[in-house]
Amino acid sequence: MKISRRMFLKTGIAAAVGACVPPLLTSFASAAANKKVREFRFSASTAKVNLGTGPDFVAWTYNGQIPGPEIRVKEGEIIRVILKNYLPEGTSIHWHGIPLQNAMDGVPGITQPAIKPGETFVYEFEAKPAGSFIYHSHAKYQLDQGLYGPLIIEPSQSGESYDQEFTLMLEDWVTKDGAGVARTRRRPLMGHHMMGGMMRRRRGFDFQGGPLLEPLYDEYAVNGRVYPAVSPMEVNNGDRVKLRLLNSSSSTIYFLRLAGHTLTITHLDGNPIKPVEVDVLRIGMGERYDVMFTANNPGYWLLAANEEGFGQSRLRIPLRYKGVKEKEAVMPTFHRGLRFATYNEFQAFHPSHDVPTEDSRFFEQTLTGGMHSPFWSINGQLYPEADPLSVRKDQRVRLGYWNHSMMSHPMHLHGHFFKVVNPSLPREFWISKDTIIVDHMQRVDVEFVTDNPGKWFHHCHNLYHMEAGMANVVVYQ
Ligand code: C2O
Ligand code: CU
């Protein structure tokens with residue numbers, strides 16, 4: 001099988017994997033023939049890194065750097081990433097937010113076997129649609145060890161106009177060797193009644209290999225640097241500036257504010273919305289916000305974050321107007337009365353009309369966990385022993401999230417954008433996203449059309465919740 005050999009360069013593996021590669025890929029490869037292919041070579045390996053302020057430590061990296069190299073292509077080009085695994089364990093890359101073909105989605109055990117140490121795997125897919133995305137490992141705790149990077153797809157024809165653009169990846173770090181996994185495991189509380197039931201369902205579960213506790217992060221970085229080692233955004237008075245804010249943190253939601261300026265939100269998870277002006281924006285793990293601002297207030301300012309639930313974090317990025325003399329950057333204040341926006345206040349830029357279908361399904365997704373338990377669940381079930389959401393092609397599927405836990409959960413669906421149900425707007429203006437924060441005791445509904453067959457992971461994008469069971473799969477052919 002010609003295609004499988006292209007994917008796995010080690011021939012012995014190619015034979016074993018050939019069976020899992022759906023025929024879909026064949027037509028994809030021929031379609032690729034007349035498109036421009038952009039090839040990137042990635043090696044996943046451990047490397048000594050430094051965030052600019054503290055000591056060196058060993059992180060898990062793409063090409064020895066954190067975050068991984070920026071992939072920037074034009075809509076419609078073919079992205080080809082040749083990934084060689086030099087890590088001590090299996091790996092993968094997931095192209096977070098891109099509705100690509102299932103075989104390229106990069107989830108070990110769901111869309112491909114883990115790429116073993118020493119193996120090479122080739123990812124290839126069309127860059128579509130334009131927008132701000134993240135790529136990251138989807139194996140174990142590798143996301144929190146440094147295996148992520150920005151993926152920017154520029155529109156084929158330019159629409160927006162701006163003078164400067166900055167991509168800002170927001171990262172939470174444990175600056176110990178091994179990065180995110182250098183911490184103690186969560187202890188079971190054996191007497192707890194809910195635990196008992198979950199434990200029984202999770203056959204053969206062993207606490208030595210059990211879910212990890214969410215770490216206490218000791219640094220928050222932007223593009224791999226901690227303030228004041230972050231290089232400032234340099235602007236001219238009068239510039240229109242576009243920021244691509246990507247939250248690749250494993251378990252931190254941020255409130256962001258830029259001192260001296262208001263931010264205009266233009267895109268959510270890559271999708272254009274009617275612009276909304278805010279003082280503060282909130283961004284969950286896996287979410288992306290594109291914002292614009294006009295540099296009309298010369299000075300030396302900080303874009304800074306409050307870490308949700310913990311107050312001021314050290315995540316800061318300076319904005320410096322060329323020629324200003326100020327030595328001290330001004331911190332934004334977070335006080336009452338600032339303008340926020342909630343999902344319900346956004347509407348799609350272009351009205352969109354789904355394929356009309358009367359064939360619909362509804363799945364209630366109750367989010368529970370925490371509360372003295374190391375597990376997080378959907379409908380009381382722990383992945384991988386969770387019922388799949390079995391649907392058919394061309395159905396309209398509604399997920400009704402209902403958060404009964406004390407924490408916020410950024411829920412993420414692979415392979416699709418969903419519409420966020422908003423009763424106060426006509427359906428064609430509902431916003432499209434792929435990750436949505438569901439807060440404590442909140443009910444949020446999303447809807448998607450089953451137009452991309454496969455087996456798609458669906459989970460909380462808090463890495464520690466995902467690994468502790470808060471996940472299931474959407475399946476159809
Ligand atoms: Cu970034 Cu399964 O997700
Ligand atoms: Cu969660």
Side-chain angles (χ1 to χ4, degrees), residues 67-68 91-100 102 104-112 114 131-151 169-172 186 211-214 246-253 269-270 283-288 308-309 365-371 373-379 381-384 386 401-418 433-442 444 454-474:
T91 195
S92 74
I93 300 182
H94 168 57
W95 313 96
H96 178 107
I98 300 183
L100 40 54
N102 196 242
M104 292 290 113
D105 198 45
V107 187
I110 297 183
T111 65
Q112 68 173 107
S132 304
F133 301 94
I134 297 169
Y135 64 84
H136 64 80
S137 164
H138 220 301
K140 300 194 179 166
Y141 295 95
Q142 294 174 8
L143 170 67
D144 211 10
Q145 292 170 281
L147 289 172
Y148 49 76
L151 167 47
M169 188 146 245
L170 315 178
E171 311 159 4
D172 48 13
R186 199 174 258 232
L212 295 174
L213 181 66
E214 280 167 57
L246 320 176
N247 187 355
S248 62
S249 301
S250 288
S251 65
T252 311
I253 298 175
D269 297 352
I283 182 167
M285 297 78 88
E287 286 192 300
R288 291 90 63 210
E308 185 163 291
Q365 301 281 278
T366 305
L367 312 176
T368 54
M371 304 299 279
S373 156
F375 296 112
W376 293 90
S377 62
I378 301 178
N379 296 342
Q381 298 178 325
L382 297 170
Y383 187 80
Y401 297 116
W402 190 204
N403 182 354
H404 287 247
S405 77
M406 295 302 291
M407 281 187 77
S408 300
H409 304 288
M411 298 304 295
H412 172 54
L413 174 64
H414 288 215
H416 306 75
F417 288 110
F418 48 65
K433 288 183 98 308
D434 52 65
T435 309
I436 187 162
I437 304 175
V438 185
D439 284 312
H440 166 61
M441 288 323 271
Q442 198 190 16
V444 175
K455 193 171 178 189
W456 299 105
F457 210 21
H458 166 235
H459 60 87
C460 175
H461 219 282
N462 179 314
L463 179 64
Y464 297 86
H465 297 182
M466 179 185 87
E467 284 296 310
M470 195 174 250
N472 55 31
V473 288
V474 172

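Count residues from 1 along the sequence. Counting starts at 1 for both ligands and their atoms, in listed order.
- The structure places NE2 of His461 at 9.5 Å from CG of Asn247, a figure rounded to the nearest 0.5 Å.
- For atom 2 (Cu) of ligand 1, protein N/O/S neighbours under 2.8 Å (waters excluded) are His138 NE2, His414 NE2, His459 NE2.
- One distance of note links NZ of Lys433 with CZ of Phe417; it measures 10.0 Å at 0.5 Å rounding.
- Scanning both residues, His414 and Asp105, for their nearest heavy atoms gives ND1-OD2, 2.7 Å.
- Side-chain atoms of His440 and Asn403 include no donor-acceptor pair closer than 3.5 Å.
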Q: Test Tyr401 against His409 for ring-ring contact (aromatic ring centres under 6.0 Å, His included), laying out the working first.
A: CA-CA 10 Å; Tyr401 297 116; His409 304 288; 9.8 Å; no
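- The nearest N, O or S atom of Cys460 is closer to the Cu ion (ligand 2) than 2.8 Å.
- With sequence neighbours left out, Trp456 forms a ring-ring contact (aromatic ring centres under 6.0 Å, His included) with His416.
- For His409 atom ND1 and His465 atom ND1, the angle they make at the Cu ion (ligand 2) is roughly 100°, to 10 degrees.
- Side-chain contact annotation: Gln142 with Thr91, donor-acceptor N/O pair under 3.5 Å present.
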